[in-house]
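Here's the structure, in structure tokens; my notes come after.
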Amino acid sequence: MEDWSRSDYCGEITKEQEGTEITLMGWVQRRRDHGGVIFTDLRDRFGLVQVVFSPEVNEDTFELADELRKEYVIAVKGKVKARPEAMINEELATGEVEVYASELKILAEAETPPFMIDDEIKTSEELRLKHRYLDLRRNPMQDNIKLRHNVKQAVREYLDDNRFLEVETPMLTKSTPEGARDFLVPSRVNKGKFYALPQSPQLFKQLLMVSGMDRYFQITRCFRDEDLRADRQPEFTQIDIEMSFMNQEDILDMIEGMIEEVFAAADIEEKLDFPQMSYEEAMKRYGTDRPDTRFDMELIDLSEIVADSDFNVFSGTVADGGQVKGINAKGCADFSRGDIDKLTDFVADYGAKGLAWIKVTEDGVESQIAKFLADEEIDAIIDKMSAEAGDLLLFVADNPKVVAASLGNLRLKLGEELDLIPEDEFDFLWVTDFPLLEWDEDEERYISLHHPFTMPKEEDIELLDEDPTAVKSQAYDLVLNGIEIGGGSIRIHDIDLQKKIFELLDMGADEVEEKFGFLLEAFKYGAPPHGGIAFGLDRLVMLLGNLNTIRDVIAFPKTQRATCLLTDAPSEVDEGQLGELALELEDLELD
RNA sequence: GGGGACGUGGUGUAGCUGGUUAACACGCCGGCCUGUCACGCCGGAGAUCGCGAGUUCGACUCUCGUCGUCCCCGCCA
């Protein structure tokens, strides 16, 4: 090996190299032994090339090639030859050539892998994760990792061009209230005290603005100790950005430019459009703050029509301050009672106590609730929902939260099942004007919708005292195909306003001092107006790659139970390690 | 914390109204083959059916529990 140097990559051999001696190194994808001649496909990161072993070239090499098996790592010296016309493989990028091996070195033997290194995977994700290094050999996974790399490169280049500075912030930092549960790291030097892993670099990036960095970014890991989902991992990567002396529109413009570069880097040639919609409108029309705007089927408010109805479920709900809303499932009047029961079970997950329905047919309506509704009410509903014969109208009556969640998710489910969602489209939406605060029933206090450093809209600041939940904020989320990929805000840079917000959040002066004293202290020394945004890199790459889970764009992800099947983390530690940290375990029922 | 789906040779599946040798494909091993590229042909090995308990004369099959993976609610931007 010492005296061999790779001259080319397998996937990049061309006809122009005909006659040249080359040295290749890689993995044996496949061996086809024809007795008198052996063909192998040699694979590296850049593709495959056929290597031919023939006794006419070198008898010893030919015999050694008999030992080759799948995934053996080999080095080959040989001559590039153009294939005869009839033997060209159109399927292969290097299908016009083959390499006649004169010398072969087996660099590493390989056991038969637990699953084949094929593009089409036919095994469980469990096994893939356990042998992730093998899974990552597969083309689709290599493509995902490359895509992720390309996106990061595009981001860095764009931000660098716009004079941003990449700055690293601590991973061992301070636990803060609000937001997600922290991952804690015990301090050995300071026994009994803990660091927290960052949920985001939020406070540090604001401090960097006070430092006069003007424009900061970082592509960095963030940690949240909450339950996992297809698009949520305990550690994930943010593209974190902060800018000084920029208003909201300035920031959105800057980010749109970045997204355009990212799409170019992902080879997606689509003209991108970035419409904006207020939070209020999104909730009203789609029942969610991250609407998938690739299809219609919007939520229609029928509360006024049925407010005085004899149908108590509807009128009573409205009288109690609730809503009655519906969606029009076009052409679904042929749904069976069983189909609708399934939808009813589905909305029950979101708290809906029932799902009323009306089938619109050529001969009128068919419905379990028709007998309770006046004809003019039914007509008004049909009119408002633009219903035609063949449509199925579905209704939920409840408090606004339940109505939004149940119909919003029902809309998504039906959109998917009815194939209403254009797969290869990229629909962006800025959702703006979020409420600054919402009332938390359990904790009996206001909590920040975004985070406590979010700037209220200037014209709403005076409402902070009399009607805090009416205050809108200068916060914005970027939604792509119904998935939130980024969110940010203009921050508060005024010490008094920040204190006021902490007060509204029911944080005592002592707590504020202990948790955020350093930030308020910093603001005393001249803080510029600033704002920023953070993107979920994993989600962004997942969408660009048309994938269903961020696990597919993370080299070594965790399972839904937050374990790593490859390393078996997390694991127990020995008593000595605990002792050094002055920690003791409660008696757990371990067997 | 809750709801749901799945678990059978190395891999993917079939079998399951309870019954004697658990089937098929791919892979693997051996043999033959000088133009294949999902090579082909012949032969072979390989599973106590995730684990535990129960019901039964008898359990891959039924029941309960448990473990693991995935999806969802809660939680979390």
Side-chain angles (χ1 to χ4, degrees), chain A residues 29-42 48-57 62 66 69-71 81 83-84 86-92 94-95 98 100 111-131 134 178-182 199-200 202 222-234 236 238 288-290 342 345-352 405-406 409 412-413 431 434 442 448-451 475-479 483-489 533-536 538-539 548-549 551 558-561 563 565 591:
Chain A
Q29 177 73 25
R30 202 168 249 116
R31 183 181 63 121
R32 291 177 292 278
D33 182 351
H34 284 251
V37 62
I38 296 171
F39 299 101
T40 60
D41 294 331
L42 191 61
L48 292 177
V49 69
Q50 174 160 278
V51 177
V52 185
F53 295 93
S54 164
E56 287 157 20
V57 178
F62 173 74
D66 194 49
R69 294 293 182 274
K70 281 189 174 67
E71 302 306 314
K81 287 197 181 177
R83 296 197 195 186
M87 288 155 200
I88 288 173
N89 184 351
E90 303 281 355
E91 305 291 303
L92 203 61
T94 59
E98 55 195 354
Y100 275 70
E111 285 186 19
T112 303
F115 51 85
M116 282 199 280
I117 312 303
D118 284 339
D119 293 0
E120 293 286 323
I121 195 72
K122 290 186 289 288
T123 191
S124 66
E125 188 170 4
E126 191 174 353
L127 201 63
R128 289 171 55 205
L129 289 176
K130 182 165 181 174
H131 303 278
L134 296 179
E178 307 284 313
R181 194 176 290 117
D182 283 323
Q199 295 180 24
S200 82
Q202 184 60 39
C222 300
F223 304 85
R224 291 177 189 166
D225 189 7
E226 298 293 347
D227 287 351
L228 290 76
R229 288 286 189 283
D231 61 354
R232 268 165 38 191
Q233 285 270 307
F236 61 100
Q238 277 191 353
T288 173
D289 60 357
R290 48 182 169 91
K342 285 200 188 91
D345 289 345
F346 177 79
V347 293
D349 284 348
Y350 301 93
S406 53
N409 283 294
L412 290 177
K413 181 186 171 71
V431 178
F434 282 81
D442 297 333
S448 296
L449 209 75
H450 188 56
H451 56 53
Y476 34 83
D477 279 358
L478 185 59
V479 176
I483 293 179
E484 188 216 316
I485 56 167
S489 60
I533 191 166
F535 279 89
D538 313 282
R539 287 182 184 177
N548 296 315
T549 166
R551 291 188 299 276
K558 305 273 188 294
T559 67
Q560 195 173 47
R561 291 200 182 193
T563 64
L565 295 178
D591 34 17

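Fair warning: this is a prediction, and the values are worked out from it, not measured in the lab. Proteins come first, then strands; the chains are lettered A, B, ... in the order of their sequence lines, and each starts at number 1.
- Judged by distance alone with a 3.5 Å cut-off, a donor-acceptor contact links the side chain of Asn89(A) to the base of C37(B).
- Remark: Glu484(A) pairs with no residue by the salt bridge (Lys or Arg N to Asp or Glu O under 4.0 Å) rule, at least two apart or across chains.
- Here C70(B) sits opposite G4(B) as a Watson-Crick or G-U wobble pair (both hydrogen-bonding atom distances under 3.5 Å).
- On the C1' atoms, A22(B) is 11 Å away from U48(B), given to the nearest whole Å.
- Gly486(A) comes within 4.0 angstrom of nothing in the nucleic acid, heavy atoms only.
- Look at the P atom in both C33(B) and U69(B): the space between them is 49 Å, to the nearest Å.
- Across all strands shown, Met87(A) has heavy atoms under 4.0 Å from base atoms, whether or not it also approaches the sugar-phosphate.
- The partner of G30(B) is C42(B), judged by Watson-Crick or G-U wobble contacts that both fall below 3.5 Å.
- Within a 6.0 Å sphere centred on CZ of Arg290(A), heavy atoms belonging to other residues, nucleotides or ligands number 12 at most.
- Of the side-chain N and O atoms in Lys70(A), none sit less than 4.0 angstrom from OP1 or OP2 of G27(B).
- The pairing partner recorded for A77(B) is none, the criterion being a Watson-Crick or G-U wobble arrangement whose two distances lie under 3.5 angstrom.
- The base-pairing partner of A23(B), taking Watson-Crick or G-U wobble contacts with both distances under 3.5 Å, is U13(B).
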Short heteroatom pairs, N/O only, protein and nucleotides 48-52 of chain B, under 3.5 Å:
none

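- In terms of position along RNA chain B, the nucleotide closest to Asp41(A) lies nearer the 5' end than the nucleotide closest to the other residue of the pair Asp41(A) and Asp442(A).
- In this structure the side chain of Lys70(A) never reaches within 4.5 angstrom of the side chain of Arg31(A), judged on heavy atoms.
- Across all strands, Asp289(A) comes closer than 4.0 Å to base atoms (heavy-atom distances).
- Legend: residues meeting side chain to side chain donor-acceptor pair (under 3.5 Å) with Thr559(A), ordered by chain and number and at least two apart, are Thr563(A).
- Looking only at side-chain heavy atoms (C-beta outward), Asp225(A) and Phe223(A) stay at 4.5 Å or farther from each other.
- Taking the salt bridge (Lys or Arg N to Asp or Glu O under 4.0 Å) definition, one finds that Lys558(A) meets it with Glu235(A), sequence neighbours left out.
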Quick one: what's the B/S/- string for nucleotides 66-72 of chain B, heavy-atom cutoff under 4.0 Å, read 5' to 3'? --SSBBS
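- Between His450(A) and Phe434(A) there is no side-chain heavy-atom pair separated by less than 4.5 Å.
- The separation between Phe223(A) atom CZ and C76(B) atom C1' is 16 Å, rounded to whole Å.
- A donor-acceptor contact under 3.5 Å is formed by the side chain of Asp33(A) with the base of C33(B).
- Of the listed nucleotides (C76(B), C39(B), G35(B)), C39(B) has the atom at the smallest distance from the side chain of Arg30(A).
- Pairing partner, G52(B): C64(B), with both Watson-Crick or wobble hydrogen-bond distances short of 3.5 Å.
- For U11(B), the base is not stacked against the aromatic ring of Phe115(A), per a cut-off of 5.5 Å between centres and 30° between planes.
- Qualifying salt bridge (Lys or Arg N to Asp or Glu O under 4.0 Å) partners for Glu126(A), counting only residues two or more places apart in sequence or in other chains: none.
- For the pair Gln29(A)/Val49(A), no side-chain contact is recorded, criterion being any heavy-atom separation below 4.5 Å from C-beta on.
- With sequence neighbours left out, Lys81(A) forms a side chain to side chain donor-acceptor pair (under 3.5 Å) with no residue at all.
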Check the interface with nucleotides 29-31 of chain B: list each N/O to N/O pair with the protein under 3.5 Å, or write none.
| from | atom 1 | to | atom 2 | distance (Å) |
| --- | --- | --- | --- | --- |
| C29(B) | OP1 | Arg69(A) | NE | 2.8 |
| G30(B) | OP2 | Arg69(A) | NH2 | 3.1 |

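- Using a 4.0 Å heavy-atom distance criterion, Tyr100(A) is classed as a base contact.
- The gap from the P atom of G3(B) to that of G65(B) amounts to 11 Å, rounded to the nearest Å.
- With sequence neighbours excluded, no residue satisfies side chain to side chain donor-acceptor pair (under 3.5 Å) with Gln238(A).
- Residue contacts for Glu91(A): at a heavy-atom cut-off of 4.0 Å it reaches no nucleic acid atom on any strand shown.
- Proximity note for Ala180(A) (side chain, C-beta onward) versus C76(B), C37(B), G74(B): the nearest is C76(B).
- A distance of about 11 Å separates the C1' atoms of U20(B) and G58(B), rounded to the whole Å.
- Proximity of Arg32(A) to Asp41(A): side-chain heavy atoms (C-beta onward) are separated by under 4.5 Å at one or more points.
- For Thr123(A), whose side chain is taken as the heavy atoms from C-beta onward, the closest listed nucleotide among C26(B), A77(B), G12(B) is G12(B).
- At a cut-off of 3.5 angstrom, the base of G10(B) holds no donor-acceptor pair with the side chain of Glu111(A).
- Separating the C1' atom of A45(B) from that of G50(B) is a span of 24 Å, rounded to the nearest Å.
- Among residues two or more places apart in sequence or in another chain, the side chain to side chain donor-acceptor pair (under 3.5 Å) test is passed with His34(A) by none.
- Put simply, Arg32(A) has a side-chain N or O that comes within less than 4.0 Å of OP1 or OP2 on C39(B).
- Across all strands, Arg232(A) comes closer than 4.0 Å to base atoms (heavy-atom distances).
- With both ends at atom P, the span from G9(B) to C51(B) equals 10 Å, rounded to whole Å.
- Side chains of Gln199(A) and Asp182(A) form a contact here, defined as non-hydrogen atoms less than 4.5 Å apart.
- A47(B) and U21(B) have their C1' atoms separated by 14 Å, given to the nearest Å.
- Considering only heavy atoms from C-beta on, Arg83(A) comes within 4.5 Å of Gln50(A) through its side chain.
- In this structure, Leu127(A) reaches the sugar-phosphate backbone alone: every heavy-atom distance under 4.0 Å involves primed, P, OP1 or OP2 atoms, never a base.
- Summarising the geometry, the separation between CD on Gln29(A) and P on G27(B) is reported as 13 Å, rounded to the nearest angstrom.
- With sequence neighbours excluded, no residue forms a salt bridge (Lys or Arg N to Asp or Glu O under 4.0 Å) with Arg232(A).
- Residues Ile38(A) and Phe62(A) have side chains in contact (heavy-atom distance under 4.5 Å, counting atoms from C-beta outward).
- The ring of His34(A) lies on top of the base of C39(B), close enough and flat enough: under 5.5 Å between centres, under 30° between planes.
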Shorter than 3.5 Å, N or O on both sides, protein versus nucleotides 45-47 of chain B: list them out with atom names.
none

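- Comparing U63(B) with C41(B), their C1' atoms sit 50 Å apart, to the nearest whole Å.
- No more than 12 heavy atoms of other residues, nucleotides or ligands shown are found within 6.0 angstrom of CG on Asn548(A).
- Judged by atom type and distance alone, Arg83(A) reaches the base of C37(B) through a side-chain donor-acceptor pair under 3.5 Å.
- Within 4.0 Å (heavy atoms only), Ile533(A) reaches no atom of the nucleic acid at all.
- Atom CG in Asn409(A) sits roughly 19 Å away from atom P in G4(B) (whole-Å rounding).
- Residue whose closest nucleotide on RNA chain B sits further toward the 5' end, between Lys122(A) and Glu98(A): Lys122(A).
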